[in-house]
Number of protein chains: 2
Amino acid sequence: MSIGLKDIAQKTGFSVNTVSRALRGDSRISAGTTAIISRAASELGYIPNAIAASMRSSRSKTIGVVSADSANPFFSEVIRGIEESARHFGYQILLANTEESAKREADLVRMFLCRQVDGIIAMPTYDKDLDHADLYGRLSIPFIFAGRYLDGLKDHCVLHDDVEGQRSVVEHLLDKGHRNILCLAGPKKVSNTHDRLAGIREAFESRHLALEENYIVHAMGHIEDGYAITNHALNRGLEFSAIVCFNDMLAMGVLKSLHENNLSVPSDVEVFGYDNLYMSQFMQPSLSTVDVPKFRLGAVAMETLVAHIEDDSLPYAQRNVSTRLIFRESTR
Amino acid sequence: MSIGLKDIAQKTGFSVNTVSRALRGDSRISAGTTAIISRAASELGYIPNAIAASMRSSRSKTIGVVSADSANPFFSEVIRGIEESARHFGYQILLANTEESAKREADLVRMFLCRQVDGIIAMPTYDKDLDHADLYGRLSIPFIFAGRYLDGLKDHCVLHDDVEGQRSVVEHLLDKGHRNILCLAGPKKVSNTHDRLAGIREAFESRHLALEENYIVHAMGHIEDGYAITNHALNRGLEFSAIVCFNDMLAMGVLKSLHENNLSVPSDVEVFGYDNLYMSQFMQPSLSTVDVPKFRLGAVAMETLVAHIEDDSLPYAQRNVSTRLIFRESTR
DNA sequence: CTGTTTTAGATTAACGTTAATCCATAAAAA
DNA sequence: TTTTTATGGATTAACGTTAATCTAAAACAG
């Protein structure tokens, strides 16, 4: 069958334990012995069995990542940050997408627990029926939320200020004289939607203006939603001179719809996205948006998680990454 | 510490083995006993230890997925197909990206072996220095390539006919009178680039026309490459009336560059992509492209892999998914 | 030269599960 | 009645590693 430590032990005459320690670089094994053992290992084509190691050491060196939406490159970037950082710390990633389903998220977390992950990074969804904060709260392993939060667990988060980010967008538009701003909000079960909506409201309040509720439309955040919602708004004769979107994917769909309806951007309608996807600068017109440091968000989350895995007495504390407005061709 | 089978055994009075069998639904345990045990398990908050199970049964119910480029939604779709199918068969996925680096790919495969995956699905890269076909050829576990191949291992593949697909695009353009077609090829180390280039050449040959080599430019396949290459081609005064791209991401960059240079699509230049990303229909103008059934590609790969895992005598045989041309606004 | 520490490695016992075997008891067949 | 065959479960031994403990020899201090 396959080669194990004992085969190396037999070949070299050392004990299994010595072989194990040597291959792990334990300082209690002399350099000479280590060299002999390493050579024997590679000669035999030894492949370490990480499962057995995990079992005995009760550390799997694996972390579970609960991502939200596989269709949105935003998450790909965050995950790349997680992955890169994980590699740096010697961790492996078990990844799965919830596609924004809270039930699926709960199943995933349970599956991760079965797999004995050392920690979890999640982009969580909340659902009134499933007590999600509780699901995480009961976890006996470290966990970090990246870019989203659940009430009561903010100290487990790496966040960016969505209220502030979205408010500055809308204030900017209001100050330029826009009064009818169509707002494409995100899915109702994620914290970002809530916060960005709050940002919009704050902006209107700060300028002592009223925000009409029929100017707010919720969507899942996919490109086709932006397209369909804009078409629909135009069809029902809604007047607007600017559109702010929950994310860049929505904004791309918006651009398509506006163009098909012979409205030019930004002269007829100004459009703002959110996230600053890499591809957004290549859209036609290029998208004005709010930059979120996606890669860094993932990297910081992983970094923080590892810190908690390696020191379980470390107190949790919210960390932040900063956003900034980016003005491109979709606004004046 | 944490609850194990023995705790349930203690509580119910049955043996550890009986508990194990009951929870796995073994038919040799009576329904009554199974019910008692299941209830006890959930009362105790039992979480099965998949690591221990893997270790003993030497089946991890995990498959390794080697994806290529995290920035391209093409792969996200394929992976979604893999994931969905994996879930159906009760498998978990260990996912990592090579970002088209053959070295990283080799490292990943080795890591997967350490983790005792039951099989591997890869989108492989080849490299003259690393004998990649050998790396896979020596594998003692089942493996499938999705959408790409390595020479000598085509029977491990689920493929689509790239030669045919790209040829039909170019033949179409040649038949419409285009003579100067700029070809944005893909990265040199992937089979698709090779095949699609062959398709282009076949098209020219079949129409008894010459393809000038300076009309072929290689790129990594990212959106910024399409943008930069088109700019560069225009700057050096290259004449062309059509552009065929290795993939849709490149084509998006192309569209941006052409627009900035006041060339209109399709009247001045016709543009073809490849892959039919979901978002391509929302580009401005929407992209003509070659549809590749990405989700299905992943699902079939997973399905095939599972068949091989469950029957190791099953002979490998190439499987195919079909592509088709899609005409949208970027062509006439 | 004795007693103590250090070094390098060996021994033993898990980790939590599943596979392989074995053993009752009861029902069915002879 | 005796023998077979299910049925339902118990016992025992791994799986390949690592942690905890122990031992012999060498090095060192007093």
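A quick note: this is a predicted structure, and the numbers were derived from the prediction, not measured. Residue numbering restarts at 1 for every chain, and letters A, B, ... go by the order of the sequence lines.
From one end of the helix from C/dC1-D/dG30 to C/dA30-D/dT1 to the other, with five pairs defining each end axis, the axis direction shifts by 40° (rounded to 10°).
Closest contact between the side chain of B/Ile29 and the listed nucleotides D/dG9, D/dT18, D/dA10 involves D/dG9. If you check D/dA10, D/dA20, C/dT18 against the side chain of B/Arg24, the one that comes closest is C/dT18.
B/Arg28 contributes a side-chain N or O that forms a donor-acceptor pair with the base of D/dG9 under 3.5 Å. If you check distances only, the side chain of A/Asn17 never reaches the base of D/dT17 with a donor-acceptor pair under 3.5 Å.
Under a cutoff of 6.0 Å and an axis angle of 45°, B/Lys61 and B/Tyr91 form a cation-pi pair.
Applying the salt bridge (charged side-chain N to carboxylate O under 4.0 Å, His left out) criterion to A/Arg296, with sequence neighbours excluded, gives no partner residue.
Comparing A/Val16 and B/Val16 by the nucleotide of DNA chain D that holds the closest heavy atom to each, the one mapping nearer the 5' end is B/Val16.
Checked against the 6.0 Å centroid threshold, B/Tyr136 and B/His156 do not count as a close aromatic pair.
Put simply, the side chain of A/Asn49 gets close to the backbone of A/Ile51: a donor and an acceptor are under 3.5 Å apart.
Against DNA chain C, the stretch residues 45-59 of chain A makes heavy-atom approaches under 4.0 Å through A/Met55, A/Arg56.
A sub-4.0 Å separation between OP1 or OP2 of D/dG9 and a side-chain N or O of B/Thr33 is present. At least one side-chain nitrogen or oxygen of B/Ser15 sits closer than 4.0 Å to the OP1 or OP2 atom of D/dA10.
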